[in-house]
Every structure is written in structure tokens, then in C-alpha cells.
Amino acid sequence: MSYVDAGYAIGLSTLFVYSIGLMARHRRLVRAVAAATPPTPAATPPISAVPTGTHAPPASTVPADTAGEPPRGVGE
């Protein structure tokens with residue numbers, strides 16, 4: 001076995017060990033993210049299921065004594 005072959009063997013062995021370390025790090029990070037992410041509640045509908053623009057204004061914005069009357073200054 002020549003020195004060139006030994007150099008290739010050492011280089012490939014080093015890359016193999018490094019790739020195993022990268023795979024272990026990746027798995028560890030995936031598990032950490034999964035553990036840190038709070039679970040989503042199943043009862044909450046997705047945002048796309050909630051209708052938009054169909055909500056009436058709150059009743060407190062219309063005074064009770066003027067409900068149903070035309071606006072003042074119009075048609076007088």
C-alpha cells in the first residue's frame with residue numbers, strides 16, 4: 001500500500017465519520033424543534049374557515065333612542 005492510497009483511506013474515513021456526526025446533529029435538532037413546538041388545539045378552526053367581513057358592528061355603537069330613525073340633516 002502506497003502513501004497515496006493511505007492518504008485517500010484516511011481522507012475518506014474522516015469524511016465518513018464527519019457525515020455520521022452531521023446526521024446525529026440533524027436528528028437531535030429535529031427532536032429539539034418538535035419538543036419546543038407547542039401542539040395546536042384540534043378544536044380551533046383554521047384561519048381560512050373563519051368568514052371575514054360578515055360581522056355586524058357592536059350594539060353599543062348605535063344609541064338606543066336613534067335606532068331605526070333616518071340620519072339627521074337628510075331630507076329635512
Side-chain angles (χ1 to χ4, degrees):
M1 182 173 194
S2 70
Y3 289 111
V4 175
D5 293 336
Y8 278 117
I10 291 171
L12 289 175
S13 300
T14 303
L15 287 175
F16 180 72
V17 170
Y18 181 67
S19 68
I20 290 174
L22 287 178
M23 288 190 299
R25 182 185 302 174
H26 175 70
R27 287 184 181 180
R28 200 169 39 240
L29 286 174
V30 167
R31 281 185 292 191
V33 168
T37 306
T40 57
T44 305
I47 294 175
S48 61
V50 177
T52 58
T54 58
H55 302 292
S60 62
T61 60
V62 179
D65 59 339
T66 60
E69 297 179 10
R72 294 185 184 175
V74 176
E76 289 181 5

Practice task
For L15, enumerate each residue passing the side-chain contact (heavy atoms from CB on, under 4.5 Å) test, keeping only those at least two apart in sequence or located in another chain.
Solution key: none
Exercise for the section: State, yes or no, whether a side-chain contact exists between F16 and L12 at a heavy-atom distance under 4.5 Å. Expected result: no
Handout entry: Gap between atom CZ of R28 and atom CE of M23 - 0.5 Å precision
Key = 12.5 Å
